[in-house]
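Contents: one structure, followed by commentary.
None of these values were measured; they are calculated from a predicted model.
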Amino acid sequence: MKNTHSSRRQLLDNDAIAAWIFLTPALILLGLFLLWPIAYLFYLSFTTGSFTAAGVRLVGLRNYWRLMLSPDFWQVLGNTAYFTIATVIPSLVIPLGLAVLLNRAFALRGILRTAYFIPSIVSLVAAGLGFRWLFQTEGPINVFLNLIGIEPISWLGSTFWAMPVLILLSIWKQLGFNMVVFLAGLQAIPSSRYEAAELDGANSWQQFWYITLPGLRPTLIFATVTTAIFTLRSFEQVYVITGGGPLNSTNLLVYYIYDQAFAQFDFGYAAAAATVLLAVTLVLVYLQLKTWGEEG
């Protein structure tokens, strides 16, 4: 009995050694390209920041204090919150509806699935240039509005309309990916549940509410988290279309960090803003997972 116990322990020790051997390269890469940059970012946020190590000087919490007192930073935070909420909700609702429709068998289903997925593989820079052309003052959108008797709108020159253009682009870009994710989730729900519901007299809405949504819970968690992260790190839309204008109305947090670091060369301040972005992202993801976990 004692020999059997010792042999099992030795086998477990050998398995643990083998596991660490296989995991070590991945852990090294994780440390180099994720953990070390995060640690260095946090350190840099307490310094003046510089291109050279000799130019770095500790300033304590000064960068964070500047953030708290900066009206521009608070405006950027408000812009980011508005952009995130207005992008994430439609980016979940619209693809979910499309997935439910395209999960049924009908002619041209494959073509429609492909057509809706194409935006997700288009370069965001190329898409941004296309949207900037569409919504410019003399662009196709205003030409169409003029044809139906509506006055042209200064889409990209208006503090009210510029942000909806960025939101529309982000929804369009995320639509195909989320649709495919929801389609995969729908196909994992056993068809026997729907058959039993039909026998009990449940209509389409009741089947969706009591079978589809509960069955898609893990998929919804994944789609919500990935869409929120995609939205919070949005940069290309702002850089290509508006440059943060007009009057700072479309300046999002990632673009603000970029501008402070590589236009103003204020690396310590930019690092503090990036640390705030990291904290906001982690808190948002935690709250989403906690909420879904409690509901489950």
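A centroid separation of 6.0 Å or more is found between the aromatic rings of Phe117 and Phe177.
The aromatic rings of Phe131 and Phe135 sit parallel, their planes meeting at an angle under 30°, below the 60° perpendicular limit. A tilted orientation is assigned to the rings of Tyr64 and Phe46, their planes being inclined by 30° to 60°.
Contact record, Ala274 with Ile257: CA-CD1, 3.4 Å, taken as the closest heavy-atom pair. Gln237 and Leu124 get closest at one heavy-atom pair: OE1-CD2, 3.6 Å. Leu284 approaches Ala228 most closely through the heavy-atom pair CD2-CB, 3.8 Å. Gly185 and Leu216 get closest at one heavy-atom pair: C-CD2, 3.4 Å. The minimum heavy-atom distance between Leu252 and Ser234, with the atom names listed, is CD1-CB, 4.1 Å.
Linking Ile, Leu, Val, Met, Phe, Trp and Tyr residues whenever their side-chain heavy atoms come within less than 4.5 Å places Trp205 and Leu96 in a single cluster. A single hydrophobic cluster is not seen to contain both Ile221 and Ile85; linkage of ILVMFWY side chains at heavy-atom distances under 4.5 Å, directly or through other members, places them apart. The hydrophobic clustering, which links ILVMFWY residues whose side-chain heavy atoms are closer than 4.5 Å, places Leu166 and Phe230 apart.
Other residues, nucleotides and ligands place no more than 12 heavy atoms under 6.0 Å from the CG atom of Leu247. Atom CH2 of Trp172 sits in a crowded spot, with more than 12 heavy atoms from other residues, nucleotides or ligands closer than 6.0 Å. Heavy atoms of other residues, nucleotides or ligands lying less than 6.0 angstrom from OH of Tyr239 number 12 at most. By the 6.0 Å contact criterion, CD on Gln187 is enclosed, its count of non-hydrogen atoms from other residues, nucleotides or ligands being greater than 12.
No side-chain N or O of Gln174 forms a donor-acceptor pair with one of Ser120 less than 3.5 Å apart. In this model, no donor atom of one side chain and acceptor atom of the other lie less than 3.5 Å apart for Thr159 and Ser249. In this model, a donor atom of one side chain and an acceptor atom of the other lie less than 3.5 Å apart for Gln75 and Asn248.
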Decide yes or no on side chain to side chain donor-acceptor pair (under 3.5 Å) for Asn178 and Thr227, but give the supporting numbers first. CA-CA 8 Å; Asn178 283 349; Thr227 304; 3.0 Å; yes
Evaluate the criterion side chain to side chain contact (heavy atoms under 4.5 Å, CB included) for residue pair Tyr258 and Tyr256; output intermediate values, then yes/no. CA-CA 5 Å; Tyr258 161 81; Tyr256 181 75; over 6 Å; no
Start with the C-alpha gap between Val254 and Leu277, add the side-chain angles, then the distance that decides, and say whether side chain to side chain contact (heavy atoms under 4.5 Å, CB included) holds. CA-CA 8 Å; Val254 174; Leu277 174 62; 3.6 Å; yes
Let me see the working for Val59 and Arg57 under side chain to side chain contact (heavy atoms under 4.5 Å, CB included), right down to the final yes or no. CA-CA 6 Å; Val59 295; Arg57 180 168 54 86; 4.1 Å; yes
Apply side chain to side chain contact (heavy atoms under 4.5 Å, CB included) to Leu175 and Leu98, showing your working. CA-CA 9 Å; Leu175 186 147; Leu98 289 173; 3.7 Å; yes
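With a 4.5 Å cut-off on side-chain heavy atoms, Leu253 and Phe73 count as touching. You'll find the side chain of Trp133 reaches within 4.5 Å of the side chain of Pro140, heavy atoms only. The closest side-chain heavy-atom distance from Trp65 to Leu61 is not below 4.5 Å. Residues Leu129 and Ile241 are not in side-chain contact: their nearest non-hydrogen atoms beyond the backbone lie 4.5 Å or more apart. At a threshold of 4.5 Å between non-hydrogen side-chain atoms, the residues Leu108 and Ile111 count as touching. Here the side chains of Trp161 and Leu156 are not in contact, with every heavy-atom distance at 4.5 Å or above. Counting heavy atoms from C-beta on, the side chains of Phe42 and Leu278 never come closer than 4.5 Å. With contacts defined as side-chain heavy-atom distances shorter than 4.5 Å, the pair Thr80/Thr231 does not qualify.
In this structure a side-chain-to-backbone donor-acceptor pair under 3.5 Å is present from Asn63 to Ser45. Counting only distance, with no hydrogens or angles, the side chain of Gln264 and the backbone of Ala261 share no donor-acceptor pair below 3.5 Å. No donor-acceptor distance shorter than 3.5 angstrom exists from the side chain of Lys173 to the backbone of Ser123, with no hydrogens or angles considered. Of the possible polar contacts, none joining the Asp200 side chain to the Ala202 backbone as a donor-acceptor pair under 3.5 Å is found. Between the Thr250 side chain and the Gly245 main chain, a donor and an acceptor come within less than 3.5 Å of each other. Counting only distance, with no hydrogens or angles, the side chain of Thr87 and the backbone of Thr84 share no donor-acceptor pair below 3.5 Å. A donor-acceptor pair is defined here as one N or O able to donate and one able to accept, closer than 3.5 Å; such a pair exists between the side chain of Arg109 and the backbone of Arg104. The main-chain N or O of Tyr269 is never found under 3.5 Å from a side-chain atom of Arg66 such that the two would form a donor-acceptor pair. Looking at Trp74, its side chain does come within 3.5 Å of a backbone N or O of Met68 through a donor-acceptor pair. Asn251 places no side-chain N or O within 3.5 Å of a backbone atom of Val76 that could act as its donor or acceptor partner.
Taking CG of Asn146 as the reference point, atom CD1 of Ile141 lies at 13.0 Å (rounded to 0.5 Å).
The side-chain hydrogen bond (donor to acceptor under 3.5 Å, both in side chains) test applied to Tyr194 returns Thr212, not counting sequence neighbours.
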